[in-house]
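So the structure is just underneath, and the comments pick up after that.
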Amino acid sequence: MTEELKKAKTLDVQIIATISLIFALILSVILAYNEKMIIENKETLFSNEEAKKISQFQTTLVFIIAIVFLTINYNNYEDTKSTCNSNNIMVDEQLRLTASVFAIMAALIGIYLAFSNSEN
């Protein structure tokens, strides 16, 4: 596989992951609106059980997206490490990789909260 084709496929994966993230954000907004309706004692969009299942799906989706970006950033880091002579570019790749690790940690916390037995 040529380098250009590999970069194009990586960008395709990033586009799909970004669209999936936008979908997850829309679900988050809908769930927040549903929670607001509960607080205002109005008719909600979802029952508590439905909202919990949607929240679990949403947080799992975010975790999968975080894994995808971690994988992409790790591969980019390894490719850059073997071909790059510039310290500035390596620092940028290390920062992207570190940000991906933090995103994984945040997503894991979100999954824990969504799947915990609490009513919130």
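Every value quoted in this text rests on a predicted model; they were computed, and no experiment measured them.
If you take CD on Gln94 and OG1 on Thr80, they are separated by 10.5 Å, rounding to the nearest 0.5 Å. To the nearest 0.5 Å, atom CD of residue Glu50 and atom OG of residue Ser55 are 13.5 Å apart. In this structure, the separation between CD1 on Ile39 and CG on Asn34 is 10.5 Å, given to the nearest 0.5 Å. Distance CZ/Phe63 to CD1/Ile104: 5.0 Å, rounded to 0.5 Å. Expressed to the nearest 0.5 Å, how far CD1 of Ile64 lies from OG1 of Thr59 amounts to 10.0 Å. Glu49 CD to Ile54 CD1: the interatomic distance, rounded to the nearest 0.5 Å, is 10.5 Å.
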Pair Thr98-Asn73, side-chain contact (heavy atoms from CB on, under 4.5 Å): steps then yes or no | CA-CA 9 Å; Thr98 302; Asn73 288 332; over 6 Å; no
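Within the structure, salt bridge (charged side-chain N to carboxylate O under 4.0 Å, His left out) contacts touching residues 97-110 (residues at least two apart or in different chains) do not occur. Among residues at least two apart or in separate chains, salt bridge (charged side-chain N to carboxylate O under 4.0 Å, His left out) pairs with a member in residues 6-23 are Lys6-Asp79. Pairs of residues two or more places apart, or lying in two chains, that qualify as salt bridge (charged side-chain N to carboxylate O under 4.0 Å, His left out) and include a residue from residues 82-104 are Glu93-Arg96.
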Give the table of side-chain donor-acceptor pairs shorter than 3.5 Å for residues 18-31, with sequence neighbours excluded, one pair per line with atom names and distance.
residue : atom : partner : partner atom : Å
Thr18   : OG1  : Gln14   : O            : 2.7
Ser20   : OG   : Ile16   : O            : 2.9

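Ile38 and Asn48 get closest at one heavy-atom pair: CD1-OD1, 3.8 Å.
Surrounding CD of Glu43 are at most 12 heavy atoms belonging to other residues, nucleotides or ligands under 6.0 Å away. Atom OH of Tyr74 has 12 or fewer heavy atoms from other residues, nucleotides or ligands within 6.0 Å.
Salt bridge status for Glu78 with Lys81: present, with a side-chain N to carboxylate O gap under 4.0 Å.
Within the 3.5 Å criterion, the main-chain N or O of Ser47 finds no donor-acceptor partner in the side chain of Thr44.
Listed by chain and number, the hydrophobic cluster partners of Leu11 come to none, as no ILVMFWY side chain reaches under 4.5 Å of it. Leu95 shares a hydrophobic cluster with Val91; the chain of contacts runs through ILVMFWY side chains whose heavy atoms sit under 4.5 Å apart.
Taking hydrophobic clusters as Ile, Leu, Val, Met, Phe, Trp and Tyr residues chained together by side-chain heavy-atom distances below 4.5 Å, Tyr77 does not share a cluster with Val13. A continuous path of ILVMFWY side-chain contacts below 4.5 Å connects Val101 to Met90, so both sit in one hydrophobic cluster. Follow the hydrophobic side-chain contacts under 4.5 Å out from Phe115 and you never reach Phe57; the two are in separate clusters.
Between Asn75 and Thr10 there is no side-chain heavy-atom pair separated by less than 4.5 Å. Put simply, the side chain of Phe69 reaches to within 4.5 Å of the side chain of Ile65, judged on heavy atoms.
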